*Asks:* 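Here it is, the structure, as structure tokens.
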Amino acid sequence: DLMSALPGQTAESWKNTLECVLSFGPEHISAYSLIIEEGTPFYEMYREEEEQRSRGEIPEHLPSEEEERRMYEMTGELLSQAGMHRYEISNYARPGYECRHNIGYWKRTEYAGLGLGAASLLAQQDGGENRFTNPVRMQEYLSGGWREKEELVLGRNDQMEEFLFLG
């Protein structure tokens, strides 16, 4: 996993990062661009700069929108030259090394999440599906709270809708 558009990062330093990682011959790379989410400590630190960037101004520490775009385009170019193809918005792989876990989400295959905060999607005998998430607090989980999970039952129409937007 790699992250671009970090404070202080330039297109040139990002290129160096990609070239260094590629020298190890990985089969798969996830390359994400930093998204600064409201309500996080990072947002509080860089709120003004994020607002500057959204106005097209050049912030002091964050890369400009133009430089962030160059990093994104450079990622696709360099990874493609290295024999990797993009199969999701931020994921690149050599043929045959795509992440089965991620593809399973897009194809809506069943998955069982184990542990705190883990999510599951399991088929029902009637053709419906249950989606649920385990508790995130250890005490609740240990006391059997996972048995009283909140479930969302997906009927046929819900399944078709998800198939369309995930496809």
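Here the structure is a predicted model, which means the values were calculated and not measured. Below, each value reflects all heavy atoms present in this structure, side chains not excepted, and no hydrogens, waters or symmetry copies.
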*Asks:* Would L6 and V21 show up in the same hydrophobic cluster when neighbours are defined by side-chain heavy atoms closer than 4.5 Å?
*Replies:* no
*Asks:* Does a side-chain heavy-atom distance below 4.5 Å link Q9 with E67?
*Replies:*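 A side-chain contact under 4.5 Å is absent here.
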*Asks:* Scan Y92, Y32, W14 and name whichever one has a side-chain hydrogen bond (donor to acceptor under 3.5 Å, both in side chains) with T75.
*Replies:*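 Answer after filtering Y92, Y32, W14: W14.
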*Asks:* Quick check on D126: does its CG atom have over 12 non-hydrogen neighbours (other residues, nucleotides or ligands) under 6.0 Å away?
*Replies:* yes
*Asks:* Looking at M160, I'd like to know if its CE atom is crowded, meaning that more than 12 non-hydrogen atoms belonging to other residues, nucleotides or ligands lie closer than 6.0 Å.
*Replies:*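 Yes, enclosed.
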*Asks:* Between N130 and Q124, do the side chains contain a donor N or O and an acceptor N or O under 3.5 Å apart?
*Replies:* yes
*Asks:* Any donor and acceptor pair, going by atom type alone, linking the side chain of S23 with main-chain N or O of C20 inside 3.5 Å?
*Replies:*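 Pair found, side chain donor or acceptor close to backbone of C20.
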*Asks:* Regarding E66 and R69, does a basic nitrogen lie under 4.0 Å from an acidic carboxylate oxygen?
*Replies:*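 No salt bridge links E66 with R69.
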*Asks:* If you define the side chain from C-beta out and look only at heavy atoms, does anything of N91 sit under 4.5 Å from H28?
*Replies:* yes
*Asks:* At their closest point, which heavy atom of P59 faces which heavy atom of S64, and how far apart are they?
*Replies:* CD-CA, 4.3 Å
*Asks:* I need the minimum non-hydrogen distance between E68 and S33, along with the two atoms involved.
*Replies:* OE2-OG, 2.5 Å
*Asks:* How long is the gap from CD on E12 to OG1 on T17, to the nearest 0.5 Å?
*Replies:* 10.0 Å
*Asks:* Could you grab the distance from atom CD1 of I35 to atom CD of E38, nearest 0.5 Å is fine?
*Replies:*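 Nearest 0.5 Å value for the CD1-CD distance: 13.0 Å.
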*Asks:* So which heavy atom on E65 is nearest to which on S54, and how close?
*Replies:*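 Heavy-atom minimum between the residues: OE2-CA, 3.7 Å.
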*Asks:* Is the CZ atom of R55 crowded by more than 12 outside heavy atoms at less than 6.0 Å?
*Replies:*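 Count over threshold, so yes.
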*Asks:* Can you name the nearest heavy-atom pair linking A118 to G113, along with the distance?
*Replies:*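 That closest heavy-atom pairing would be CB-C, 3.4 Å.
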*Asks:* Could you tell me whether the side chain of Y111 reaches within less than 4.5 Å of the side chain of R131, counting heavy atoms only?
*Replies:*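 In contact.
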*Asks:* Taking atom CG of L121 and atom OG1 of T133, what is their separation to the nearest 0.5 Å?
*Replies:* 10.5 Å
*Asks:* With clusters defined by side-chain heavy atoms of hydrophobic residues (ILVMFWY) lying less than 4.5 Å apart, directly or transitively, does Y72 cluster with L62?
*Replies:*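 Different hydrophobic clusters.
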*Asks:* Drop me the distance from L78's CG to M71's CE, to the nearest 0.5 angstrom.
*Replies:* 13.0 Å
*Asks:* Please check if M3 and L18 belong to a single hydrophobic cluster, counting links between Ile, Leu, Val, Met, Phe, Trp and Tyr side chain heavy atoms closer than 4.5 Å.
*Replies:* no
*Asks:* Do L114 and N134 come within less than 4.5 Å of each other through their side chains, counting heavy atoms only?
*Replies:* no
*Asks:* If hydrophobic clusters are built from ILVMFWY residues whose side chains come within less than 4.5 Å, do V136 and Y141 share one?
*Replies:* no
*Asks:* Is M84 reachable from Y87 through a run of hydrophobic residues whose side-chain heavy atoms are each under 4.5 Å from the next?
*Replies:*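 No, Y87 does not connect to M84 through the hydrophobic network.
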*Asks:* Is a salt bridge present between R47 and E51, judged by a nitrogen-to-oxygen distance below 4.0 Å?
*Replies:*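 No, this pair does not count.
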*Asks:* Can we say E50 and R53 salt-bridge, meaning some charged N sits less than 4.0 Å from an Asp/Glu carboxylate O?
*Replies:*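 A salt bridge links E50 with R53.
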*Asks:* Any sub-3.5 Å donor-acceptor pair from H85's side-chain atoms to R94's backbone N or O?
*Replies:* no
*Asks:* Nearest heavy-atom pair of A11 and R70: which atoms, and what distance?
*Replies:*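 Taking A11 first and R70 second, the nearest heavy atoms are CB-NE, 4.2 Å.
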*Asks:* So which of K107, H101, R108 actually passes side-chain hydrogen bond (donor to acceptor under 3.5 Å, both in side chains) with Y105?
*Replies:*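 Exactly one pass, corresponding to H101.
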*Asks:* Do you know which two heavy atoms are closest between E88 and N102, and how far apart they sit?
*Replies:* OE2-CB, 3.2 Å
*Asks:* Show, in sequence, the C-alpha distance, side-chain angles and deciding distance for I103 and T109, and conclude whether the side chain to side chain contact (heavy atoms under 4.5 Å, CB included) test is met.
*Replies:* CA-CA 9 Å; I103 292 171; T109 58; over 6 Å; no
